[in-house]
Undergrad: 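I have a structure I would like to understand better, so I am pasting it below and will then ask my questions one at a time.
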Amino acid sequence: MFIVVGRAQSGLTAHRLNDDGSAAGDPERVGDLGAFVRSVETFPASEVRWVWDDTARWYPRLLEAGLRVARCHDLRLCHAILRDSARVNAPVEGGAGAWSSAEQADDASGAGDEALFDLGDDVGRDDLATDRLTETVDELRRQLAAITSADEPGGLRLLLAAESAGALIAAEMRFAGLPWSSAVHDTALTELLGPRVGPGVRPQRMEVLASAIRATLEDPLLNPDSPQDVLRALRRTGAMVDSTRAWELRELDHPVVPPLLEYKKLSRLLAANGWAWMDAWVRDGRFRAEYLPGGVVTGRWAARGGGVLQLPKQVRSAVRADPGWKLVVADAAQLEPRVLAGLSGDTAMASAGHGVDMYAGIVAAGAVDTRQHAKIAMLGAMYGATSGESARLMPRLARAYPRAIAYVETAARAGERGEVVTSRLGRSSPRPGEGWLKTQRQASDPDATPADERRARSSARDWGRFTRNFVVQSSAAEWALCWMAELRGALAAIPRTDASLGLAGTGFADAPHLVYFLHDEVIVHTPEEHADRVAAILEESARRAGRLLFGEFPVDFPLGIGVVDHYGEAKG
DNA sequence: TCCGTGGTACTA
DNA sequence: AAACTAGTACCACGGA
């Protein structure tokens, strides 16, 4: 059962549809969406799938009203997948074009939009003159037809369900927030940088280092924050460097290197996660970032606000469970290699992963000599290394695991020809842009110069590396989405500790819930008494995700799990 | 003063 | 030894 919600001329309206998209009644005017959802939804077990244009526009309001929904179909996210998927034979087309545009996504971040919930005063305004509900229902039907037309529609259905579940999770994680101790954060900053300073003022520890740098380079006016200044000064002392990147400085035997590296480290900490960051992003003990499901072409999430996907290890100890609560931190061990084994049906590679450490399994199988070599070779296979140790080790991997390596090589060759590649469940890579095609055409012109040919070959290989990685990264993102969707469902089924607490309706104040997601890693914030159960649920969800993607193919997805008081304790 | 670009560093 | 995927976000700098 679908319930499509949207605006109509008469106001906020809901329309029930059967699973095939046919009407299951007439559209009904809804006065108050919260009350309507409350009357219908039976979270966490529900037969209803809510359909709306954009989860980020609708769901936060429901959460604030103390409501959660079990399932949804996010038309914006699903449209993007169906539009590009090579498995779809009857493309999603028609509509006002809004489904393809970025405007929807931009809209989504806008907090306002009272009109969604109460349209009374807005009827008659130009932008509301169109019947949006009808268009929304039409779009759902177009999408259902596209799915039906697809090769392997089951995979695509799973992908769309998982993507939509991800949209719910993203909104819920923002609503719940990541538990953050400003006191711990401030102590860490003060220890490293010196006492707190205002914006534009260099903290004491950095000031000391800046003086040392200036003295060593005999340049009293040098600004250590200016790469140009520093590079010039280094060159003046005869240092052979092309940049001031840390890795290059480390190679250099020069007395300025230690204080300079230390300065750069502290400068980065201050700029990226210093006191200004704390003031901007931490409120009431929670860090609330905005997650953007489908924000990366591979299906990985993007994010904005506070750099939540780059949280440095230095400050992770500030991520603290509330008193009486625990953080259960879990990451999938060697997710991408395991996904590659599943994608390619490489049973030898899959059995190397039967233990917790797949790289150790590869060494045990005799493919390479050390764990480090196994890791480097595998990264080279998935990223398309062309030089260095990684490229040298790769052939050994190809001998031991020909099916797996052939799989990524095939994806690379397809990309070099400008073709599209597709993930396990049906997300396809974008087509190369006009500039890329033009470069290729120029190279096949009879008058093409060797430079034209070189440029074309180089950009073809670049795109091949992208498609090579796409098949693995996008399928790994699908595994992670399935993992989280299973996890969310199982967590919601845990009996509540004390339903009399505040926010009882949503369970974020008294029950285990997701607070963090980073590609192959999650954090669940849970009352202490449920921590072990949460850990077991995480494992079971990982097993289920593996079966959803790869059926009975014997590839394992073991987790590293830690039950901790703060994120810094979890091994990263 | 505003805005785009390059340089740098952090994450998986 | 520093190339080989996907991102966000800061700062300095230089041109309008």
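Chain naming here is simple, since letters A, B, ... match the order of the sequence lines and numbering starts at 1 in each.
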Undergrad: Once side chain to side chain donor-acceptor pair (under 3.5 Å) is applied, what residue pairs with a partner in residues 215-224 of chain A remain, sequence neighbours excluded?
TA: A:Asp219-A:Arg236
Undergrad: In the structure I gave you, are the side-chain heavy atoms of A:Val524 and A:Ile537 within less than 4.5 Å of one another anywhere?
TA: no
Undergrad: What residues, two or more places apart in sequence or in another chain, satisfy ring pair (Phe, Tyr, Trp, His ring centres under 6.0 Å) together with A:Trp301?
TA: A:Tyr291, A:Phe517
Undergrad: Report the distance from atom CD1 of A:Ile523 to atom P of B:dT11, rounded to the nearest whole Å.
TA: 14 Å
Undergrad: Below 4.0 angstrom, N of the basic side chain to O of the carboxylate: do A:Asp357 and A:Arg371 qualify?
TA: yes
Undergrad: According to the ring-ring contact (aromatic ring centres under 6.0 Å, His included) rule, which pairs have a member within residues 181-232 of chain A, sequence neighbours left out?
TA: A:Trp180-A:His185, A:His185-A:Trp277
Undergrad: Output all residues satisfying salt bridge (Lys or Arg N to Asp or Glu O under 4.0 Å) with A:Arg268, sequence neighbours left out; order by chain, then residue number.
TA: none
Undergrad: Stacking check: are the rings of A:Tyr383 and C:dC4 less than 5.5 Å apart at their centres and under 30 degrees in tilt?
TA: no
Undergrad: Give the residues of residues 461-473 of chain A touching DNA chain C, defined as any heavy atom closer than 4.0 Å, sorted by residue number.
TA: A:Arg465, A:Phe466, A:Asn469, A:Gln473
Undergrad: Expressed in angstrom and rounded to an integer, what is the separation of A:Ile376 atom CD1 from C:dA1 atom C1'?
TA: 11 Å
Undergrad: Let me know the distance between CG of A:Leu231 and P of B:dG6, rounded to the nearest Å.
TA: 17 Å
Undergrad: With sequence neighbours excluded, tell me which residues meet salt bridge (Lys or Arg N to Asp or Glu O under 4.0 Å) with A:Glu453.
TA: none
Undergrad: Side-chain N or O of A:Lys265 versus OP1/OP2 of B:dA9: is the shortest distance under 4.0 Å?
TA: no
Undergrad: Scan nucleotides 9-16 of chain C nucleotide by nucleotide, 5' to 3', and note B when protein non-hydrogen atoms come under 4.0 Å of the base, S if they reach only the sugar-phosphate, - if neither.
TA: SS-SSS--
Undergrad: Given atom NZ of A:Lys375 and atom C1' of C:dC4, what is their separation to the nearest angstrom?
TA: 15 Å
Undergrad: What pairs with A:Arg245 under salt bridge (Lys or Arg N to Asp or Glu O under 4.0 Å), at least two apart in sequence or on another chain?
TA: none
Undergrad: C:dT8 P sits how many Å from A:Tyr291 OH, rounded?
TA: 14 Å
Undergrad: For the side chain of A:Thr386, counting heavy atoms from C-beta on, which of C:dC4, C:dA6, B:dC10 is nearest?
TA: C:dC4
Undergrad: Classify the nucleic acid contact of A:Leu379 as base, sugar-phosphate or nothing, counting any heavy atom under 4.0 Å across all strands shown.
TA: nothing
Undergrad: What pairs of residues pass the side chain to side chain donor-acceptor pair (under 3.5 Å) test when at least one of them lies in residues 383-393 of chain A, not counting sequence neighbours?
TA: A:His373-A:Glu389
Undergrad: Side-chain donor-acceptor pairs under 3.5 Å in residues 469-479 of chain A, sequence neighbours left out?
TA:
residue	atom	partner	partner atom	Å
A:Asn469	OD1	A:Gln473	NE2	3.1
A:Asn469	ND2	A:Met382	O	3.3
A:Gln473	OE1	A:Thr298	OG1	2.7
A:Ser474	OG	A:Phe470	O	2.6
A:Ser475	OG	A:Arg424	N	3.0
A:Ser475	OG	A:Val471	O	2.7
A:Glu478	OE1	A:Ser423	OG	3.3
A:Glu478	OE1	A:Leu425	N	3.0
A:Glu478	OE2	A:Ser423	OG	2.5

Undergrad: What's A:Gly388 touching, base or sugar-phosphate or nothing? Going by heavy atoms closer than 4.0 Å.
TA: nothing
Undergrad: Check DNA chain B against residues 239-252 of chain A and give the residues with a non-hydrogen atom under 4.0 Å, in numerical order.
TA: A:Ser243, A:Thr244, A:Arg245, A:Ala246
Undergrad: Could you work out the separation of B:dA12 and C:dC4 based on their P atoms and round it to a whole Å?
TA: 22 Å
Undergrad: Not counting sequence neighbours, which residues clear salt bridge (Lys or Arg N to Asp or Glu O under 4.0 Å) with A:Arg196? List them please.
TA: A:Asp279
Undergrad: Can you tell me the distance, in whole Å, between the CH2 atom of A:Trp277 and the C1' atom of C:dT8?
TA: 14 Å
